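Note that the structure is predicted; figures quoted are calculated from it, not measured. When a ligand or atom number is given, it counts from 1 through the structure's own listing order.
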Amino acid sequence: MNKIVNHLPTAELQALDAAHHLHPFTDGAALNAKGARVITAADGVTLTDSDGRTMLDAMAGLWCVNIGYGRKELAEVGYQQMLQLPYYNTFFQTSHVPAIELSAKLAEIAPEGFNHTFFATGGSEANDTNIRMVRHYWATKGKPTKKVIISRENAYHGSTMGGASLGGMKGMHAQGGLPIPDMAYIGEPNWYNQGGDMSPEEFGLMRARELEAKIEELGVDNVAAFIAEPVQGAGGVVVPPETYWPEIQRICDAHEILLIADEVICGFGRTGHWFGTNYYGIRPHIMTIAKGLSSGYAPIGGSMVCDEVAEVINNGGDFAHGYTYGGHPVGAAVALENIRIMQEEKIIENGAADTVPYLAEKWAQFNDHPLVGEVNIVGFMGSLVMTPDKSARAKFSADAGTVGMIARGHCFDNGLVMRHVGDRMIISPPIIINRAEIDQMFELAAKSLDLTLADIKAQGLYK
Ligand code: PXG
């Protein structure tokens with residue numbers, strides 16, 4: 001394969017990066033003082049940086065390279081599509097082949113009753129679409145007061161004004177005057193950190209019933225929808241107690257509101273199923289999709305809507321909404337090829353039968369590590385909660401994230417990209433990861449946890 005290796009030396013790239021590039025979710029001054037790690041190539045589950053160092057990417061980029069790096073078929077399809085039709089839109093009575101074929105393919109793989117997609121270029125845009133679409137839906141049905149969207153604390157639904165407002169991250173709301181009006185929040189189903197003396201099952205029910213209480217408090221005539229990730233991803237791979245989703249479903253069925261499942265991370269095999277919705281048996285009205293839809297090879301996202309919503313939107317006159325690059329022909333062609341490969345190679349089915357249980361078994365071994373208070377795993381997404389005292393589910397005396405940052409540093413130094421969210425370590429590797437690579441990931445993670453434990457003992461953070 002022709003790898004592009006004629007780049008500038010790392011120090012020069014870092015200097016240019018510091019001089020001209022503003023990074024997302026980054027303390028710019030701190031980054032510029034040390035220089036960014038520059039990734040130059042990748043193959044399978046392995047990244048290469050500008051110094052030629054390799055790392056096992058246990059985050060699949062940003063939860064998206066589900067099919068793994070280096071699939072030439074996707075490059076070929078993108079190239080051919082650019083030659084054939086690099087751009088056209090689907091506004092003003094036109095359509096194009098990749099968007100048509102992708103929308104039909106999505107209808108085939110999605111849960112029953114999902115036959116329509118409104119395209120965007122990523123998850124944030126798709127969630128912005130959802131805000132406007134659910135409000136337009138209710139207005140079209142003669143209920144214009146149904147506007148409030150209920151979400152959850154610590155949820156992540158994107159970084160646009162709409163997406164970040166739907167999200168429940170306080171640090172994000174604090175910047176830029178968020179949330180926008182008509183948003184409401186309930187607690188997150190995070191038993192480990194918030195469940196106190198309750199059993200996980202009791203806590204799951206309690207959190208779900210906050211939705212019912214919130215609908216009653218606001219008045220159902222004012223509530224448009226509830227949005228949630230089947231498993232919270234960016235919030236730290238927070239897996240809800242088993243009682244949670246059935247109770248949420250009961251509440252949504254009992255009240256006249258729409259359920260939006262944000263499948264941006266959970267979709268396309270991440271949970272060992274096509275959608276997180278399949279994993280939990282949830283019946284949403286709308287699903288947000290992005291990331292694994294194209295395995296990150298090209299930007300594309302969308303809102304899949306159930307037949308009832310599609311019918312109202314289709315018959316509600318002009319829906320005055322759309323993005324220049326929504327359903328971009330190259331993104332759509334690449335997504336189609338990605339899904340073709342997933343289907344033909346039975347990537348999700350084979351994973352579910354083999355590597356999903358294998359990873360779960362390996363990951364569960366971290367229960368025995370002295371630093372680990374809880375182990376979570378659903379399909380190919382997992383977390384480890386670090387604690388100075390397992391039995392008390394205690395927090396560290398240092399600020400949240402201090403120990404997580406130490407662990408993340410050791411991971412990088414050992415050639416493993418494993419992220420931290422506060423003091424949780426999270427993984428979301430390409431779903432094509434094989435058993436040998438899972439073993440390697442586990443060994444590198446174990447080594448990094450051991451080094452972290454030694455460090456924090458020396459610093460007096462572990463009793
Ligand atoms: N919904 C969910 C559930 C997501 O995880 C988005 C929407 C927004 O998608 P776009 O394509 O607009 O980024 C996401 C994105 C992190 C991290 O730190 C997670 C995401 C994005 C950036 C960082 O884990 N998820």
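- For atom 11 (O) of ligand 1, the nearest non-hydrogen atom from the set Pro24, Ser159, Gly123 belongs to Gly123.
- Close approach of ligand 1 to Glu229 is summarised as follows: ligand atoms under 4.0 Å from at least one heavy atom of the residue are 3 (C).
- Close approach of ligand 1 to Gly122 is summarised as follows: ligand atoms under 4.0 Å from at least one heavy atom of the residue are 11 (O).
- Side-chain atoms of Lys146 come within 3.5 Å of backbone atoms of Glu256 as a donor-acceptor pair (strictly under, hydrogens ignored).
- Contact between Arg419 and ligand 1 is present, with at least one heavy atom of the residue lying under 4.0 Å from the ligand.
- At the top of the distance list for atom 22 (C) of ligand 1, counting protein heavy atoms only, stands Leu62 CD1, 3.6 Å.
- Taking a cut-off of under 4.0 Å to the non-hydrogen atoms of Asn127, the atoms of ligand 1 that pass are 1 (N), 7 (C).
- A donor and an acceptor atom, one from each side chain of Tyr137 and Glu308, are located under 3.5 Å apart.
- In Trp63, the part holding a heavy atom less than 4.0 Å from any atom of ligand 1 is the side chain.
- Among protein heavy atoms, the minimum distance from atom 5 (O) of ligand 1 is reached at Ile265 CD1, 3.2 Å.
- The pair Arg393-Glu374 does not count as a salt bridge, with every side-chain nitrogen at least 4.0 angstrom from each carboxylate oxygen.
- Residue Ala234 approaches ligand 1 through these ligand atoms, each under 4.0 Å from one of its heavy atoms: 16 (C), 19 (C), 24 (O).
- Scanning Lys291, Met59, Glu125 for the heavy atom closest to atom 25 (N) of ligand 1 points to Lys291.
- Under 3.5 Å, the side chains of Asn127 and Asp262 contain a donor-acceptor pair of N or O atoms.
- Counting heavy atoms under 4.0 Å from ligand 1, residue Thr160 does not touch it at all.
- The stretch residues 164-182 participates, sequence neighbours left out, in no salt bridge (charged side-chain N to carboxylate O under 4.0 Å, His left out) pair at all.
- Residue, atom and distance of the protein heavy atom nearest to atom 1 (N) of ligand 1 are Asp262 OD2, 2.7 Å.
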Under the side-chain hydrogen bond (donor to acceptor under 3.5 Å, both in side chains) rule, what do Asp17 and His23 come out as? Steps first, then yes or no, please.
CA-CA 9 Å; Asp17 190 61; His23 288 250; 2.7 Å; yes
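- None of Thr355, Ile438, Ile432, Ile427 except one satisfies the side chain to side chain contact (heavy atoms under 4.5 Å, CB included) rule with Phe380; the exception is Thr355.
- Looking only at heavy atoms of the protein, atom 2 (C) of ligand 1 is closest to Tyr156 O, 3.3 Å.
- Using a cut-off of 4.0 Å between Lys/Arg side-chain N and Asp/Glu carboxylate O, Asp423 and Lys395 are scored as not salt-bridged.
- In this structure, Thr288 has no heavy atom closer than 4.0 Å to ligand 1.
- Side chains of Arg270 and Ser428: a donor on one and an acceptor on the other come within 3.5 Å.
- With a 6.0 Å cutoff to the six-membered ring centre and a 45° limit on the axis angle, Arg37 counts as a cation-pi contact of Phe412.
- The nearest heavy-atom contact from the protein to atom 12 (O) of ligand 1 is Ser124 OG, 2.5 Å.
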